[in-house]
Amino acid sequence: MSYLFPPPPTVSVPIVGRGERFPVHRIYCVGRNYEEHAKEMGFTGREPPFFFLKPADAIVVADAGQTATIPYPSLTKNLHHEIELVVTIGTGGRNIAAADAFNHVYGYAVGLDMTRRDLQGEMKKQGRPWCIGKAYDHSAPIGPITPAAQAGDVVNAAIWLQVNGADRQRSNVNKLIWNIAETIEHLSAAWELQPGDLIYTGTPEGVNAVVSGDTLTGGVDGLVPITVKVA
């Protein structure tokens with residue numbers, strides 16, 4: 001088979017303790033999935049889960065012990081950080097029951113859902129899609145994937161983010177409104193999940209702006225932490 005121009009390389013993420021890399025298929029993100037974050041965004045209660053997507057090539061890998069660099073994006077004056085637990089899918093499926101969900105999980109990673117908040121807010125006001133606020137270049141930094149068997153008690157792990165060494169976000173994965181299994185159940189009812197899918201499960205309260213020169217360090221207990229510098 002020939003192509004008009006060379007196809008892009010496969011986007012992939014390193015795996016802790018393995019030479020193989022995890023090829024990325026799609027990036028699904030869960031919106032407003034911690035109650036306190038929902039409140040700071042002007043919402044309350046356990047609303048039905050909703051999802052948005054980022055392109056696979058929005059990934060920026062922050063390898064263990066290294067600092068990844070992301071550019072301050074164009075068009076925005078209000079770039080926000082959102083620290084998240086990322087669930088990686090190793091076995092695909094449709095209409096996966098919550099009771100079976102963990103059989104489809106390969107492992108976990110720490111991710112950042114970077115957001116052009118002003119652009120997102122403007123699109124919300126106009127009732128238009130807000131991909132421009134979420135699905136832009138370099139908007140999905142991620143650390144190495146830890147296989148599930150090595151990840152410890154992820155569902156009860158602390159999740160945190162510091163900016164320039166000062167706390168910004170600190171919570172626990174057990175405060176997810178829709179937990180990992182429920183999220184997979186809802187998501188797989190709308191899309192057939194595939195090996196290589198990433199699920200950014202939502203962010204806790206404390207989201208705020210960053211500027212060029214800031215260094216973001218975040219983690220989920222039991223996983224490799226992530227460090228990202230805004231250029």
Side-chain angles (χ1 to χ4, degrees), residues 6-30 33 51-70 81-94 96 100-114 134-155 157 159 161 173 176 179-188 190-203 216-228:
T10 299
V11 177
S12 64
V13 181
I15 302 169
V16 174
R18 305 216 33 182
E20 304 99 330
R21 294 176 69 93
F22 186 92
V24 177
H25 177 242
R26 290 178 181 166
I27 303 173
Y28 297 99
C29 303
V30 188
N33 204 23
F51 308 97
F52 58 92
L53 281 77
K54 291 178 182 269
D57 63 3
I59 287 287
V60 176
V61 173
D63 219 335
Q66 298 183 9
T67 299
T69 299
I70 59 172
H81 58 73
E82 298 190 8
I83 190 71
E84 312 214 357
L85 168 69
V86 182
V87 176
T88 70
I89 298 297
T91 303
R94 185 188 296 275
I96 299 167
D100 298 325
F102 287 102
N103 294 327
H104 295 260
V105 174
Y106 175 78
Y108 305 93
V110 180
L112 283 165
D113 167 18
M114 301 303 294
K134 287 285 192 178
Y136 62 91
D137 299 340
H138 312 108
S139 63
I142 189 171
I145 296 168
T146 300
Q150 303 169 27
D153 188 14
V154 170
V155 298
I159 181 171
L161 179 82
V173 175
L176 283 168
N179 64 35
I180 294 168
E182 293 169 331
T183 294
I184 291 173
E185 181 176 71
H186 282 280
L187 191 59
S188 66
W191 291 274
E192 182 174 0
L193 295 181
Q194 301 288 339
D197 285 340
L198 305 180
I199 305 171
Y200 280 59
T201 56
T203 195
L216 291 65
T217 303
V220 174
D221 284 0
L223 306 182
V224 178
I226 186 174
T227 302
V228 174

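Excluded from the calculations below are hydrogen atoms, water molecules and symmetry mates; all remaining heavy atoms, backbone and side chain alike, are included.
Here the closest non-hydrogen pair linking Gly218 and Val110 is O-CG1, 4.0 Å. For the pair Ile226 and Ala62, the tightest heavy-atom approach, listed with the atom from each and the gap, is CG1-CB, 3.4 Å. Ala151 approaches Leu223 most closely through the heavy-atom pair CB-CD2, 3.8 Å. Scanning all heavy atoms of the two residues, the minimum distance from Ala64 to Val224 falls at CB-CG1, 3.8 Å. Here the shortest heavy-atom pairing between Pro141 and Ile70 reads CG-CG2, 4.2 Å. Nearest heavy-atom pair across Val61 and Pro14 is CG1-CD, 3.5 Å.
Side chain of Glu84 to backbone of Gly202: a donor-acceptor contact under 3.5 angstrom is found. At least one donor-acceptor pair under 3.5 Å links the side chain of Glu182 to the backbone N or O of Asn179. Judged purely by atom type and a 3.5 angstrom limit, Ser139 has no side-chain atom pairing as donor or acceptor with the backbone of Ala135. In this structure a side-chain-to-backbone donor-acceptor pair under 3.5 Å is missing from Thr67 to Thr227. Judged by distance alone, with hydrogens and angles left aside, the side-chain atoms of Asp197 form no donor-acceptor pair with the main-chain N or O of His25 at under 3.5 Å. Of the possible polar contacts, one joining the Thr201 side chain to the Leu85 backbone as a donor-acceptor pair under 3.5 Å is found. Remark: side-chain polar atoms of Thr10 are not paired, donor with acceptor, to backbone N or O of Pro23 under 3.5 angstrom.
Under the 4.5 Å side-chain criterion, counting only non-hydrogen atoms from C-beta, Tyr108 is not in contact with Val173. Residues Ser188 and Arg94 fail the side-chain proximity criterion, which asks for heavy atoms closer than 4.5 Å. By the 4.5 Å heavy-atom criterion applied to side chains, Val13 and Val24 are counted as neighbours. In this structure, the side chains of Ile142 and Phe22 stay at 4.5 Å or more apart for every pair of heavy atoms. Taking 4.5 Å as the limit, every side-chain heavy atom of Thr203 sits out of range of all side-chain heavy atoms of Leu161. In this structure, the side chains of Pro55 and Ile27 stay at 4.5 Å or more apart for every pair of heavy atoms. Ile184 is listed as a side-chain neighbour of Val105, based on a closest heavy-atom distance under 4.5 Å. Side-chain contact check for Val30 versus Phe51: some heavy-atom pair is nearer than 4.5 Å.
Here Ile96 contributes atom CD1 and Thr183 contributes atom OG1; the two are 12.0 Å apart, rounded to the nearest 0.5 Å. Rounded to the nearest 0.5 angstrom, Ile15 CD1 and Gln150 CD are separated by 10.0 Å. Atom NZ in Lys54 sits 8.5 Å away from atom CE in Met114 (nearest 0.5 Å). Rounding to the nearest 0.5 angstrom, the gap separating the NE2 atom in His104 from the CD atom in Glu185 is 11.0 Å. For the atom pair CD1 of Ile83 and CD1 of Ile159, the computed distance is 5.5 Å after rounding to the nearest 0.5 Å. How far CG of Asp57 is from NE2 of His138: 8.5 Å, rounded to the nearest 0.5 Å.
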*For Asn103 and Thr91, what are the C-alpha separation, side-chain angles and deciding distance, and is it a side chain to side chain contact (heavy atoms under 4.5 Å, CB included)?*
CA-CA 8 Å; Asn103 294 327; Thr91 303; over 6 Å; no
_Steps toward side chain to side chain contact (heavy atoms under 4.5 Å, CB included) verdict (Val155, Phe102)_ = CA-CA 11 Å; Val155 298; Phe102 287 102; 4.1 Å; yes
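The one candidate from Thr69, Leu112, Val60 that meets the side chain to side chain contact (heavy atoms under 4.5 Å, CB included) condition with Val228 is Leu112.
Using the six-membered ring where Trp is involved, Tyr28 and Trp191 have ring planes that are tilted, between 30° and 60° apart.
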